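Okay, so here's the structure we're looking at.
Keep in mind that what you see is a predicted model, and the values were worked out from it rather than measured. Counting from 1, the numbers follow the sequence of the chain as shown.
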Amino acid sequence: RSGPVHDTDPVYGPGPGPGATAATTPDYSPRPVAVRRPDVLAGLLLLLAGAAAAISLLLRWLAGEDDTGLDLVRRGIDDLVDSVGTVIDNGFWQPLTVIAGGAVLLVLGLLMLLPAKRRRFLGLLALLVSGAVAAAVLVPLVQSGWDLGTFDLGFWFACAVAVLGLLGALKALLTGRRYRQDPAVP
């Protein structure tokens, strides 16, 4: 039998639904709307991690030595120019990782302050960077036999980079979207 084909499923367009008239159809959707907002706490924690890295440049890292974090970074960069293996063998990868990681966390902290629906990708990046910084501060602690007297204040600021970075990253990763009703709802 060939003839016109009729669809039996109702199709609702932009107009009123079944049994409704234009006068009774609301102009808004009753569904919640995802809000674009800054993640202030995660941003603040990551900004503090970047600030801790900057402060650690000015302070001594090892007790009984006059080398500041900046001196260690300069020596690490000099060794890096020679060879990557030299930096790893001499142990100067740790200050380089802490300072570079702090700079990356600072930038990620600034990005957390921009309005967005969620920050899971930035949180994952911050978690990876913070993990590298944590490794950079744990290796010297293990090598010293957990003798805390070996280290000076600059090293503890480097440890703060790892801790604050991990906290900010976890906050960004675990915070989901925030919803509110459609603003056109009366």
(Q) Determine whether D78 and V81 satisfy the following criterion, side-chain contact (heavy atoms from CB on, under 4.5 Å), listing intermediate values before the conclusion. (A) CA-CA 5 Å; D78 290 341; V81 170; 5.6 Å; no
Q: Evaluate the side chain to side chain donor-acceptor pair (under 3.5 Å) criterion for residues S144 and D147: first the C-alpha distance (whole Å), next the side-chain angles of each, then the deciding distance (0.1 Å), finally the verdict.
A: CA-CA 6 Å; S144 71; D147 181 18; over 6 Å; no
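When the side chains of ILVMFWY residues are joined at heavy-atom separations under 4.5 Å, either directly or via intervening members, L174 and L45 end up in two distinct hydrophobic clusters. Linking Ile, Leu, Val, Met, Phe, Trp and Tyr whenever their side-chain heavy atoms come within less than 4.5 Å puts F151 and L72 in one cluster. Both V133 and L70 belong to a single network of hydrophobic side chains, linked directly or stepwise wherever heavy atoms of I, L, V, M, F, W or Y lie under 4.5 Å apart. Grouping the Ile, Leu, Val, Met, Phe, Trp and Tyr side chains by contacts below 4.5 angstrom, directly or via other members, places V84 with V139. In terms of hydrophobic clustering, with Ile, Leu, Val, Met, Phe, Trp and Tyr side chains grouped at heavy-atom distances under 4.5 Å, L164 and L110 are assigned to different clusters.
Scanning both residues, G43 and L113, for their nearest heavy atoms gives CA-CD2, 4.3 Å. Among all heavy-atom pairs drawn from F155 and W61, the shortest one is CB-O, 3.5 Å. When all heavy atoms are compared, the tightest approach of G50 to L106 is CA-CB, 4.1 Å. Summarising the geometry of S130 relative to A162, their closest heavy-atom pair is CB-O, 4.2 Å, with the distance given to 0.1 Å. The shortest non-hydrogen separation linking Q94 to A136 is CG-O, 3.1 Å. In this structure, L173 and L124 approach most closely via the heavy-atom pair CD2-N, 3.8 Å.
S56 places a side-chain N or O within donor-acceptor distance of the main-chain N or O of A53, the cut-off being under 3.5 Å. In this structure a side-chain-to-backbone donor-acceptor pair under 3.5 Å is present from D71 to T68. Of the possible polar contacts, none joining the T175 side chain to the A172 backbone as a donor-acceptor pair under 3.5 Å is found. Between the side chain of R119 and the backbone N or O of M112, at least one donor-acceptor pair lies under 3.5 Å. Proximity of a side-chain donor or acceptor of T97 to a complementary backbone N or O of W93 within less than 3.5 Å is detected.
Every residue two or more places apart in sequence or in another chain that forms a side-chain contact (heavy atoms from CB on, under 4.5 Å) with V73 is listed here: L57, I77, P95, L96, I99. The side-chain contact (heavy atoms from CB on, under 4.5 Å) check on V142 picks up W146, with sequence neighbours excluded. Shown here are the side-chain contact (heavy atoms from CB on, under 4.5 Å) partners of D89, two or more places apart in sequence or in another chain: there are none.
With respect to L122, the side-chain contact (heavy atoms from CB on, under 4.5 Å) criterion is satisfied by exactly one of V107, L114, L46, L111: L111.
Proximity of L141 to L138: side-chain heavy atoms (C-beta onward) are separated by under 4.5 Å at one or more points. Looking at D67 and L62, their side chains never come closer than 4.5 Å, going by heavy atoms from C-beta outward.
Taking CG of D152 as the start and CG of D66 as the end, the distance is 10.0 Å to the nearest 0.5 Å. Interatomic distance, CG of L80 versus CG of N90, reported as 11.5 Å (0.5 Å rounding). We find the CG-CZ distance between D39 and R118 to be 13.5 Å, quoted to the nearest 0.5 Å. Summarising the geometry, atom CZ belonging to F157 is positioned 4.5 Å from atom CD1 belonging to I55; distances are rounded to the nearest 0.5 Å. Taking CG of L105 as the reference point, atom CG of L125 lies at 10.0 Å (rounded to 0.5 Å). The line from CG of L58 to CG of L153 is 11.0 Å long, rounded to the nearest 0.5 Å.
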